Amino acid sequence: MGQASRFGTGKGRVCAVTAAGSAAEMRRQVQLALRSTPTVELRLDWLRNDAERAKLLAWAGKQNVGGAALLATCRRIAAGGKFGGSIEAQLYWLMQAREAGCGWCDVEVETLRELPGNSVRGYPVPARVLLSVHDFDRTPALPREIKVPEHGDVDAMKIAASARTIGDSVRLVKLARRSKNFVAVPMGEIGLPARILALREGSALAYAPVGEATAPGQVSLREMMELYRAHKLTRRTRVYGVIANPVGHSLSPLMHNTGFVARGVDAVYLPFLVQELKDFLAAVEPLGVRGFSVTLPHKQAILKHLQEIDPLAAEIGAVNTVVVRRDGSLYGCNTDYVGVLRALEKKMRLRGRRVLIFGAGGAARAVAFALTHAGASVAICARREKVGKELARSVGGGFVPRRALRTEKFEAIINSTPVGMHPHGGVSPLSAGELHCRIVMDLINRPLRTELLRVAAKKGIATVSGVEMFVAQGVAQWELWTGKSAPEAAMRRAVLERLRADETETRAGKNRRARG
């Protein structure tokens, strides 16, 4: 393809973004970036002043970075950057970048429009020019294809646009399929999956920051290269994902992608922020989605979009797993059922035991049916009394009002609400005085140790982390989609390592605030 000759192949198509206020920090970022990719963008506009810009370029000019492709950007404030100087000053720094060894420069369309002949070819800037167009509000109307030579005598063109819908991001990456030397950058959390798939769809580059994000919805360089392996994805790569709102907290991409790497499966798993189900479902075919996990708030709403549903999932009335069949039809099932049984049966015998479920949403329904089928006596306590009573009736259980928890006793209590979920941890859905049981389980898997579990442990009650159910249901999903035996140990280890790192970071943050 055309982009291969301009930007290279493989890892070189992932452009590491280096952006910092000081030359020293930018140097550190460049050195880190070159360990992963030979293509590095120097955001000169992020440096706090001209002295720092001069320091960085002087350093770059002395380095031996053979094979590296350095791209200089000095984006003005008017185009969404941080450089407050004039166009003449911007061009000066781009000329200095050429002297420092930068082979590429990024020139925004706002600058090009003000130059004689709408071209930078009369200035000694880096030899190759990437024309960039940014729209931070929306994805504009797009042409059928981009013909680069028609846009200001440049070598490549980039459109970075905010995706208000998943459909917006699909439109932008489709343009990459039809255009040579074109860079598609869907911005925002909604556009994140398409941003990762951009290289697969034909984009000449994909951007990923080494340090602080420079645009909405960016994925870090490490995640782009190691977790999502964007530079290795092809049209043959199977795409899976999780649909949720919010979705940023989800550990499913880490768990499933770890499994794909461990087993050598050519597949990738992505986080889809889904506000409207129809928006996502319209993107299933163009993005090549072969299956997806379903979580809050879509577990019950997805039912009407399925062509076939597993009988048990139909009985539960909630789906957490969808398979996209070859003909495009959707088959739904529920692996939460498997997850909760595997997690609890390690701790207790369920038959004949009284278990309280706090909450009555999609996850609660799966847990209630699982426990009932295992022979437990199920009780429901929920803020929405009508919904809670309906769930209790559907499993032959009873409804317990909140005030009764002060005196009622159970073998186990299971929290199925999102109260206490990252990033809003530190709060418990139940108080110590409401926990009269032998075991407390929290379906929340992030943080590893929720406030509810801390409260229970202080009372001497045994606890079960939501990680156990999360991994078990994820393993069942993974095996359903791939037809292979999942590397469960590797998947669990990856999740636990991330959660422990979160805890360490949280403690460090608290210590810094205490010292400050």
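Values below: all heavy atoms of this structure, side chains included; hydrogens, waters and symmetry mates excluded. In this text the structure is predicted, and so the values were computed from the model without any measurement.
With values rounded to the nearest 0.5 angstrom, S293 atom OG is found 11.0 Å from Y240 atom OH. Atom OG of residue S250 and atom NE2 of residue H422 lie 11.0 Å apart, to the nearest 0.5 angstrom. Going from atom CG of N181 over to atom CE of M157 covers 12.5 Å, rounded to the nearest 0.5 Å.
Between G388 and A360, the shortest heavy-atom distance links the atoms CA-CB, 3.9 Å. Listed here is the closest heavy atom pair of M26 and A20: SD-N, 3.4 Å.
A salt bridge is absent between E505 and R498; no separation between the charged side-chain nitrogens and carboxylate oxygens falls under 4.0 Å. Comment: D106 engages K158 in a salt bridge, judged by a side-chain N to carboxylate O separation of less than 4.0 angstrom. Using a 4.0 Å cut-off between charged nitrogen and carboxylate oxygen, D168 and R138 do not count as a salt-bridge pair. Taking a cutoff of 4.0 Å between a charged side-chain nitrogen and a carboxylate oxygen, R177 and E145 do not qualify as a salt bridge. For the pair E385 and K389, the salt-bridge criterion is met [side-chain N within less than 4.0 Å of a carboxylate O]. Ionic pairing of E497 and R500 is not present here: no N-O contact between side-chain nitrogen and carboxylate oxygen is shorter than 4.0 angstrom.
When each of V495, L453, V467, D502 is paired with L448, the side-chain contact (heavy atoms from CB on, under 4.5 Å) condition holds for V467 and for no other. A side-chain hydrogen bond (donor to acceptor under 3.5 Å, both in side chains) with K299 is found for one member of N334, N320, D336 and no other, namely D336.
At most 12 non-hydrogen atoms from other residues, nucleotides or ligands lie less than 6.0 angstrom from CD of E276.
Using cut-offs of 30° and 60° for the angle between ring planes, the H134 and F136 rings count as parallel. Classification of the W481-Y269 ring pair by plane angle, with boundaries at 30° and 60°, yields tilted.
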